[in-house]
Each structure stands twice: as C-alpha cells, then as structure tokens.
Amino acid sequence: MTRSDETGDATAEATELALEQRYVDRLYGRLDDLRRYAQERLRTVLLESGGTPQARSERESFNQLYTDDLAKYDAAENGLCFGRIDLERGGDGTDDGTEARYIGRVGILDEQGDFEPLLLDWRAPLARPFYLATPATPDGVTRRRHLRSRSRRIVGLADEYLDVAAAQRAGVVDASTGAATAGVAGESALLAALDAARTGHMNDIVETIQSEQDAIIRSEHRSVLVVQGGPGTGKTAVALHRAAYLLYTYRKQLDRAGVLIIGPNSTFLDYIGQVLPSLGETGVLLSTIGDLYPGVVATVDDSLRGGELKGSLDMLDVCKRAVRDRQELPKEPVRVVFDTYELVLDRKTVSTARGRARSSRKPHNIARPVFVKAVIDALARQFASIVGENLVGGGNLLSGEDLADIRSEMREDPAILREIDRLWPTLTPQEVLTGLWRDPRRLASAAPGLTESDRAELVRTGPGFSPADAPLLDELAELLGVDDSAERERSARRWRQQIEDAQGALDILTGSASQDIEDELDPEILMAYDIMDAEQLAERQDGNRSLTTAERAAGDRTWTYGHVIVDEAQELSHMAWRMLMRRIPNRWMTLVGDTAQTGDPAGTSSWQEVLEPYVARRWKLTELTVNYRTPSEIMTIAHDVLAEIDPAQQLPRSIRDSGHRPWARRVSEDGLDDAVAAAVEAETQLPGTTAVVVPQGMRSRFAHLESDTVSVATVRDVKGLEFDAVHLVEPHAVVAESPRGTSDLYVALTRATQRLGVLHTESLPESLSGLTHTESPEAANPRGGE
C-alpha cells in the first residue's frame with residue numbers, strides 16, 4: 001500500500017468517526033433530556049407533602065418509578081451506543097438501498113414523535129442480527145460496525161462486511177479475486193476485549209456476544225436450561241445477560257416475582273455485581289446459598305467431611321428426628337397446681353396428646369395447638385373429677401360452660417403453660433440446629449446412622465452458621481412451620497384496599513393528563529398510567545413501599561421467584577437443591593456450570609441425578625464450546641488434568657494465544673516464601689490482576705502479599721473468577737486436601753487470562769508434566785513472550 005493510500009484510508013476513517021460522533025452526540029442529547037425529565041419529576045414529587053393517604057401512596061410510587069429511570073439512564077452512560085448494522089432495503093444496490101440500525105444499552109426513540117428508534121436496546125428482536133449475522137447467513141446485514149468509545153467520545157471503529165458487493169464498494173475486497181483486504185475486522189472487537197487487563201470486576205459482554213452465547217441468552221425454554229461449559233466459555237456472562245434479556249422480554253411477570261441469582265461465594269457476587277446495573281437492571285437479588293435463609297449470614301466454615309455430610313439427603317431424617325426429639329414425654333409424672341388443686345401430667349396423658357398432634361400431619365409449631373388442646377382437655381377432665389369427688393354427695397356437677405371456662409383459664413395459667421412449653425415447645429430452626437450441633441447427645445439421637453467420627457465432624461460449640469447449614473435451616477423451617485393464617489387474611493384485605501386506592505390515583509392522573517403533558521413533553525415520554533396498571537402501582541405501595549422486589553424477596557423465606565439463575569451449579573448439594581426448588585415452583589431456571597470443575601464433595605457430577613427428581617425429563621442441556629478467556633498455552637496443560645477427571649469430556653477450544661508459556665519452579669521449603677514474593681513482585685510491574693492460589697492451610701501464610709491488584713486465595717475463593725496472572729502454590733497439596741482435588745487443580749489452572757506460574761516444594765502431579773521447568777519466570781518467557 002502506498003503512502004497516499006494510507007493517507008486516504010486515514011482520512012476516510014476520520015470522516016467516518018466524525019459522522020458516527022455526530023449521531024452519538026444526538027443520542028446523548030436525548031439521554032440527557034430523559035434524565036432531566038426524570039430529575040424534574042422526582043424533584044416535584046419530593047417537594048410535595050401532606051395530602052390524603054392515597055396522594056402520599058401515589059408520590060411514593062412515582063418516587064420509585066423516577067428513581068429507577070435515573071438508575072437506568074446513569075447505567076447506560078458509558079458505552080451507550082456500541083454497534084451498528086447496515087441492512088439491505090431491497091434497493092438498487094447502492095448505499096441508498098441500506099438501512100442503518102444502531103445498537104446500545106437502552107432503547108431511545110426519535111424525539112419527533114413518530115416513535116422511530118434512534119437506538120435499539122441490545123435485547124430487542126431487531127437488534128439480534130448484530131450478534132447472529134455471518135457471511136454464510138447474513139440475514140440481510142451487509143456490514144456490522146463495532147464502535148469503541150471513551151466517555152462520550154467515539155475513539156475507534158471496526159467494520160465487518162458480510163456482503164461481497166458491499167465490501168467491494170468500500171474497497172476492502174479485491175474486485176477481481178474476492179480476497180479480503182485491509183478493513184475486514186473479523187474478531188478484532190472480541191479479541192481486544194479479551195486481551196484487556198482485568199480490573200477486579202467483571203465487565204459485561206454486550207458488545208461482543210457470540211452466536212452460541214446469544215442462542216442461550218434468548219432461549220425460549222420454559223423449564224430448566226442447563227448451560228454446560230468448560231473454563232472461560234463465558235458461562236457467567238451468558239447467565240447475567242440472560243437475566244437482563246428475560247427482564248426486558250418478560251418485564252411485567254418478572255418485575256413482580258423477581259429474579260434470583262445464586263453464586264458460589266461473596267467474592268464472586270462482588271465481582272459480577274456491576275454487570276446487571278451496566279445493562280440497566282438493578283432489581284435482581286444476588287445471593288449465595290449460605291446467605292439465602294433470611295436473617296442468617298454464613299460466617300463459619302465446615303470441614304470438607306462436615307460439609308459433605310450436611311449436604312447429603314440423609315440430613316432429611318436427621319432433621320425430622322431432631323424435631324420429634326423436642327416433642328418430649330415426661331420420664332416421671334409432672335405435678336402442677338391449678339386453683340389450689342394438684343393435677344398430674346403422666347406419660348400416658350402426654351403420649352396421647354402427642355399422638356393426636358402428630359397424626360394431624362401438620363408442622364411442629366402448627367400442630368402445637370392440637371397438642372395443647374389435648375393436654376388442656378385431659379387436665380380439665382381431671383380437675384372436674386377431683387372437684388366432683390370433693391362435693392357433698394359426690395358426683396360431677398360442673399356444666400359444659402363451666403368446663404369451657406376452666407379450659408380457658410388453664411390456657412393462661414403460667415404453671416401449666418410452662419410444662420406444655422417444655423413438652424412441646426414453640427421452636428425456631430436456629431434453636432433446633434444450634435441445639436443439634438452443640439449437644440452430642442441430641443446429635444446421637446437424631447443421627448444414629450452416623451459413625452462417631454462423622455458426628456464429631458458436625459459438633460460445634462461456637463456461635464454462627466456455615467453455608468451448608470442454610471439448607472438445613474430451610475428444611476427445619478418446613479418441618480416446624482409458622483402459623484400465619486391470621487396475618488395472611490389481614491394482608492389480603494390490605495392488598496384489596498391498596499388496589500382500590502391505586503386505581504383511584506390512576507383515574508385522577510388520566511383525567512388531568514392533557515393539562516399536564518400535551519404542551520411540555522415529547523410523545524416519547526410516557527406517564528405512569530401508560531406503563532402500569534392499578535395492580536402494579538399497588539405493588540409499589542405494598543408493605544415496605546420503599547423496598548425493591550429484590551429487597552422484599554430477600555427478607556421473605558417463602559418468596560417464590562419468577563426465574564432463578566445458578567452459577568457454578570455443579571457445586572450445590574442435594575440439600576441445597578431442595579432449598580432452591582422451594583423458591584421456584586414454576587421450575588423456570590438457568591443453570592450454568594461444569595461438572596469437571598466440581599470441587600465440593602457434596603456437589604454433583606451428573607445433571608440428570610440432581611434435576612430429574614424435580615423436573616423429570618423437562619430439562620434441556622446446552623453447551624458452550626469456545627474458550628474466550630484462557631489462552632491455548634494454558635489449556636494445553638489443563639487438557640491432561642481434564643483427561644484425569646473425565647476422559648470423555650471435550651476441552652473447550654481456545655480462540656487465542658497469549659505468547660506466555662506456563663512455567664513451574666521447584667524450590668526448597670525455606671525458599672518458598674521468597675520465591676512467591678518475587679513472582680508477585682514481577683507481576684505488579686505489569687498491568688492487570690494477580691491471584692496467588694494456595695492450599696487451605698497456607699492462606700494466612702501469604703496473606704501479607706495482598707494488595708489492590710493481588711489476591712491470595714484458595715481454590716474455593718477463586719471459583720468463577722478470572723485474573724491476568726495466576727501463581728499456583730503447592731499443587732500437590734491442593735490435590736491432596738480434597739476428595740475432588742484434581743477438579744480443584746483444573747479450576748486453579750484455568751483462572752488466568754494471560755500468565756500461569758507454579759511454585760512447589762514437592763514433586764508435581766503427573767498431569768502437570770507439560771509445564772516448562774525454570775529457575776525464574778523471565779527465563780521461561782524472555783520479555784514476557786516466547
């Protein structure tokens with residue numbers, strides 16, 4: 001190419017950038033208009049005070065509405081518009097015969113009032129060709145353009161021509177040979193995103209979604225969709241973008257019920273926490289299994305064996321026995337004084353009452369009134385008999401009304417209630433489980449099938465609960481029950497009144513609409529009565545009206561969600577699945593995971609095993625086959641580890657090389673600390689993040705190396721995360737410390753996007769024999785490359 005050609009190309013690109021900038025400036029202008037409108041409306045709402053209860057409810061609802069709008073507009077600020085597709089209009093083959101569609105984070109309509117889209121939301125059906133079109137199946141797309149921006153400025157663009165004629169007109173395909181020339185972008189936008197240094201928080205992939213990912217994101221399957229994928233295939237990103245897509249497509253349904261996303265640990269949730277807000281969605285509940293039970297935060301770690309035991313379905317019987325053991329029979333007759341007379345509660349009386357309560361088949365706390373009634377009836381009869389015997393001439397002269405009064409007084413008698421509470425107490429799940437773990441005798445009674453050594457793994461004297469305790473608390477909550485029938489009836493009456501009030505508010509707004517908006521607002525800007533009905537407005541006023549759906553759901557154990565997404569789903573125990581399935585009775589779920597990466601001994605190696613008890617065969621398996629994160633050099637090492645885990649599994653195909661050869665360095669035990677510190681120091685000179693992955697027992701030993709860009713963590717801590725560089729310490733110990741140690745090794749190796757190093761004092765596992773042995777990382781990778 002001559003210098004004049006290069007100058008011409010640069011001039012042409014500058015012209016294109018200027019044109020795109022002009023259009024993007026227009027989009028940001030509209031975004032600012034929408035933001036100002038929401039701010040003004042919100043300010044008006046906040047300044048108003050007083051009025052009827054209906055008026056106050058209306059203000060609170062609109063306060064939430066405009067606050068949500070502002071959050072959405074703010075989230076769309078960065079990278080508002082990231083793409084464009086040019087489509088054939090069926091014209092004469094010139095540029096005038098194409099239609100341009102711009103793709104972005106939110107949808108924006110034309111300010112002229114004809115409701116033509118200036119910007120398509122990436123989730124809209126009309127935007128889908130941006131992700132799916134290929135030269136083989138262009139779907140009418142002649143050119144796809146990726147726009148790179150910094151703040152509000154367009155700083156670069158990359159074109160992909162899907163139509164040969166369009167490419168020839170643009171001068172990027174040789175007219176005689178059809179061969180591509182400069183300007184064909186291919187996967188450049190994707191590779192640029194993959195090669196960028198990590199920041200410690202996950203970025204969305206809305207600009208670079210690939211076709212196999214898009215098919216899963218937009219899947220219409222309405223039962224359990226399983227997304228199986230190896231390391232780096234984008235499982236987490238697909239799950240999050242699917243959540244955003246479903247909220248966009250099924251807004252009314254999911255706004256009411258909410259979406260729950262389960263992650264493996266709190267570090268992971270923090271890592272992904274900005275993705276959905278960046279896509280305009282802020283109402284999703286993110287939680288771990290350990291924190292899903294309301295009011296309980298998991299702060300205790302179980303041993304591997306302890307967690308495995310708690311995750312087993314054997315715990316169902318243990319929980320049942322633990323509750324039944326609290327329904328006691330007196331060893332000796334219990335004497336209570338009522339109205340100066342001594343009454344006796346003997347074993348037979350209590351056993352009869354207990355049998356009646358149990359035969360009701362109600363949960364423990366809800367069955368308690370049955371037990372109480374039976375005991376009170378027996379005591380009342382005993383009291384009547386004693387009183388009758390003391391009457392002159394004998395005989396029981398107490399009427400039915402007298403007995404009713406006696407039973408009523410007995411229900412309030414402190415001495416009688418104290419004995420009833422001892423024999424059949426009102427219990428909470430926390431009380432039962434704490435008592436079980438702290439009292440070896442209770443545990444032995446509830447778990448006779450466990451060995452003494454296994455029971456020792458469960459006994460705990462300190463406070464707090466572990467992640468594996470949460471499903472057990474949930475199970476106990478089902479067994480214990482809460483008698484809330486009266487509260488439910490009050491709530492139903494309150495809900496009916498709120499709907500009536502909300503309809504009245506909307507009627508008032510509808511009647512005054514022409515005076516409020518015709519002169520001052522664009523037709524694009526919709527009022528509340530355009531986008532919600534009375535029931536939706538009432539929902540914004542229900543209970544704690546300032547709380548989002550996700551916040552209300554987080555505090556309600558019985559809340560049922562519209563959709564549930566589980567990341568690292570292979571880690572869930574059988575008991576965790578039971579807990580989760582209670583929250584999604586419609587069984588509309590997206591599960592992402594990789595059975596080769598199962599590290600928890602209570603986890604699964606078979607989707608069929610954990611799902612079919614709940615959905616039979618109504619689940620669908622999809623697979624992601626392309627590795628976008630882990631470079632080929634590292635996956636070559638990981639291949640041997642995967643073969644040891646499951647020879648039948650296929651390694652995902654890496655689409656890129658990093659130029660960095662994975663290395664291993666053997667050092668003495670005395671020199672390990674210095675070697676790790678030196679490797680970390682070398683990484684801090686490079687951009688991005690570093691993880692030092694260590695066995696459980698070494699976490700505190702290297703904690704001093706942590707910084708803003710360096711994490712020291714176990715395999716469990718880094719599951720689901722990614723780093724520019726990973727230094728794995730003592731892989732033999734990682735393998736040895738867990739029954740699934742080889743899977744843990746596989747996870748640790750595949751966290752890196754660029755560089756991998758292994759430091760060890762003992763021989764490496766045989767599966768790591770492909771590593772380059774070196775005395776220093778620099779020797780293995782001169783100047784950071786090969």
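Note that the coordinates shown come from a computational prediction; the quantities given were computed from them, not determined experimentally.
One finds no salt bridge joining E452 and R455 here, because no Lys/Arg side-chain nitrogen approaches an Asp/Glu carboxylate oxygen to under 4.0 Å. The residues E706 and R699 are annotated as salt-bridged, a charged nitrogen and a carboxylate oxygen being separated by less than 4.0 angstrom. We find that R582 and D474 are joined by a salt bridge, their nearest charged nitrogen and carboxylate oxygen being less than 4.0 Å apart. A salt bridge links D673 with R701: at least one charged nitrogen is closer than 4.0 Å to a carboxylate oxygen. The pair D214-R218 counts as a salt bridge, with a side-chain nitrogen and a carboxylate oxygen less than 4.0 angstrom apart. A salt bridge links D469 with R460: the closest approach of a Lys/Arg side-chain nitrogen to an acidic carboxylate oxygen falls below 4.0 angstrom.
With a 4.5 Å cut-off on side-chain heavy atoms, V300 and F465 do not count as touching. A heavy-atom distance below 4.5 Å is not found between the side chains of D302 and E308.
Within 6.0 Å of the NE2 atom in H773, the count of heavy atoms belonging to other residues, nucleotides or ligands exceeds 12. At most 12 non-hydrogen atoms from other residues, nucleotides or ligands lie less than 6.0 angstrom from CD of Q696.
Scanning both residues, N586 and G562, for their nearest heavy atoms gives ND2-O, 3.2 Å. Closest approach of L246 to L254, counting heavy atoms only: O-CD1, 3.5 Å. The shortest heavy-atom contact between A257 and W559 is O-NE1, 2.7 Å.
For D270 (side chain) and T267 (main-chain N/O), no donor-acceptor pair under 3.5 Å exists by modelled atom type. For the pair E623 (side chain) and Q228 (backbone), a donor-acceptor distance under 3.5 Å is absent. Remark: the backbone N or O of T249 is not paired with any side-chain donor or acceptor of R123 at under 3.5 angstrom. Within the 3.5 Å criterion, the main-chain N or O of D657 finds no donor-acceptor partner in the side chain of E633. In this structure, R128 contributes its side chain and W122 its backbone to no donor-acceptor pair below 3.5 Å. Put simply, the side chain of W588 never gets that close to the backbone of L225: no donor and acceptor are under 3.5 Å apart. Under a 3.5 Å cut-off, the side chain of S312 and the backbone N or O of L309 do not form any donor-acceptor pair. Side chain of R755 to backbone of H660: no donor-acceptor contact under 3.5 angstrom is found. Listed for the S738 side chain is a donor-acceptor partner under 3.5 Å among the backbone atoms of R740. Checked by atom type and distance alone, the side chain of E457 never pairs as donor or acceptor with a backbone atom of S303 at under 3.5 Å.
In this structure, D600 CG and D744 CG are separated by 9.5 Å, a value rounded to the nearest 0.5 Å. Atom CD in E644 sits 9.0 Å away from atom CG in L768 (nearest 0.5 Å). The OG1 atom of T595 lies 10.5 Å from the CD atom of E571; values are rounded to the nearest 0.5 Å. Atom-to-atom distance recorded for M635:CE and S658:OG is 12.5 Å, nearest 0.5 angstrom. In this structure, CG on L285 lies 10.5 Å from CZ on R583, to the nearest 0.5 angstrom. Rounding to the nearest 0.5 Å gives a distance of 6.5 Å between CG of L132 and OG of S211.
Considering V226, L621, T604 as possible partners of L611, the one that fulfils the side-chain contact (heavy atoms from CB on, under 4.5 Å) test is V226.
Side-chain atoms of T774 and T772 form no donor-acceptor pair, as typed in the model, at a separation below 3.5 Å. No donor-acceptor contact under 3.5 angstrom links the side chains of H732 and S763, judged on distance only.
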- Could you give me the CA-CA distance, side-chain angles and deciding distance for V729 and V693, then say whether side chain to side chain contact (heavy atoms under 4.5 Å, CB included) is met? CA-CA 6 Å; V729 180; V693 181; over 6 Å; no

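Ring orientation note: the planes of H727 and W663 are tilted relative to one another, at an angle of 30° to 60°.
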